[in-house]
J.: 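Attaching a single structure in structure tokens format; questions to follow.
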Amino acid sequence: MRTCTKCNVVKPFTEFHKEPRVKCGYRSSCKECVNAYMKEYDKANKERRKEYNKVNKERINEYKKEYDKANK
């Protein structure tokens, strides 16, 4: 059992993402809180991400090709 630092609710370890750099091996925020934060972040930075993707299109495509090649 671990207490989420965002919602302050005690939850089982299955409700937390693994984090090998932390002593107990799990993140301090539960999956639900992390997902809610990421949704808000994505909404707030949608235009910024679009601009990044436009500027780095070739780099992103090259990475995808390398990734697909390595993971077949």
Side-chain angles (χ1 to χ4, degrees):
M1 300 296 270
R2 183 171 173 90
T3 305
C4 174
T5 57
K6 301 288 182 192
C7 62
N8 294 317
V9 176
V10 178
K11 298 181 177 185
F13 285 112
T14 57
E15 295 296 313
F16 293 86
H17 292 287
K18 291 190 176 196
E19 180 64 62
R21 295 176 287 179
V22 178
K23 188 175 182 180
C24 73
Y26 294 92
R27 291 184 72 166
S28 58
S29 302
C30 67
K31 291 178 182 179
E32 187 176 333
C33 290
V34 170
N35 290 341
Y37 169 79
M38 291 308 295
K39 274 187 179 179
E40 287 180 34
Y41 181 86
D42 285 344
K43 282 181 186 176
N45 294 291
K46 190 174 190 174
E47 292 302 317
R48 184 175 170 194
R49 189 177 50 233
K50 280 183 182 178
E51 183 64 30
Y52 176 85
N53 289 342
K54 189 188 305 181
V55 171
N56 296 293
K57 189 172 189 171
E58 282 188 33
R59 185 172 153 214
I60 292 168
N61 286 337
E62 187 63 35
Y63 173 80
K64 286 179 182 179
K65 286 177 188 175
E66 292 291 324
Y67 181 85
D68 288 344
K69 190 182 212 181
N71 291 299
K72 275 194 172 183

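Residue numbers run from 1 in the order of the sequence given.
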J.: Scan for ring-ring contact (aromatic ring centres under 6.0 Å, His included) pairs involving residues 14-58, sequence neighbours excluded, and state none if there are none.
T.: F13-Y26
J.: Do E32 and C7 come close enough that some side-chain heavy atom pair is under 4.5 Å?
T.: no
J.: List the residues meeting side chain to side chain donor-acceptor pair (under 3.5 Å) with E19, not counting sequence neighbours, and say none if there are none.
T.: R21
J.: Looking only at heavy atoms, which two atoms of C30 and C4 are closest? And how far apart?
T.: N-SG, 3.3 Å
J.: Give, for atom CD of E51 and atom CG of N56, the distance between the pair rounded to the nearest 0.5 Å.
T.: 9.5 Å
J.: Taking all non-hydrogen atoms of both residues, which atom of K6 and which atom of S29 are closest, and how far apart?
T.: CG-OG, 3.3 Å
J.: Please enumerate all residues that pass side chain to side chain contact (heavy atoms under 4.5 Å, CB included) together with K50, with sequence neighbours excluded.
T.: K46, E47
J.: Suppose we screen for salt bridge (Lys or Arg N to Asp or Glu O under 4.0 Å). Which residues come up paired with K31, at least two apart in sequence or across chains?
T.: none
J.: Is it true that E15 and R2 make a salt bridge, defined as a side-chain N closer than 4.0 Å to a carboxylate O?
T.: no
J.: Apply side chain to side chain contact (heavy atoms under 4.5 Å, CB included) to V22 and R27, showing your working.
T.: CA-CA 7 Å; V22 178; R27 291 184 72 166; over 6 Å; no
J.: Might you point out which heavy atoms bring N53 and I60 nearest each other, and give the distance in Å?
T.: OD1-CD1, 3.4 Å
J.: Once side chain to side chain donor-acceptor pair (under 3.5 Å) is applied, do any residues pair with R49, and if so which ones, sequence neighbours excluded?
T.: D42
J.: Could you work out, with side chain to side chain donor-acceptor pair (under 3.5 Å) as the rule, every residue matching N61, not counting sequence neighbours?
T.: none
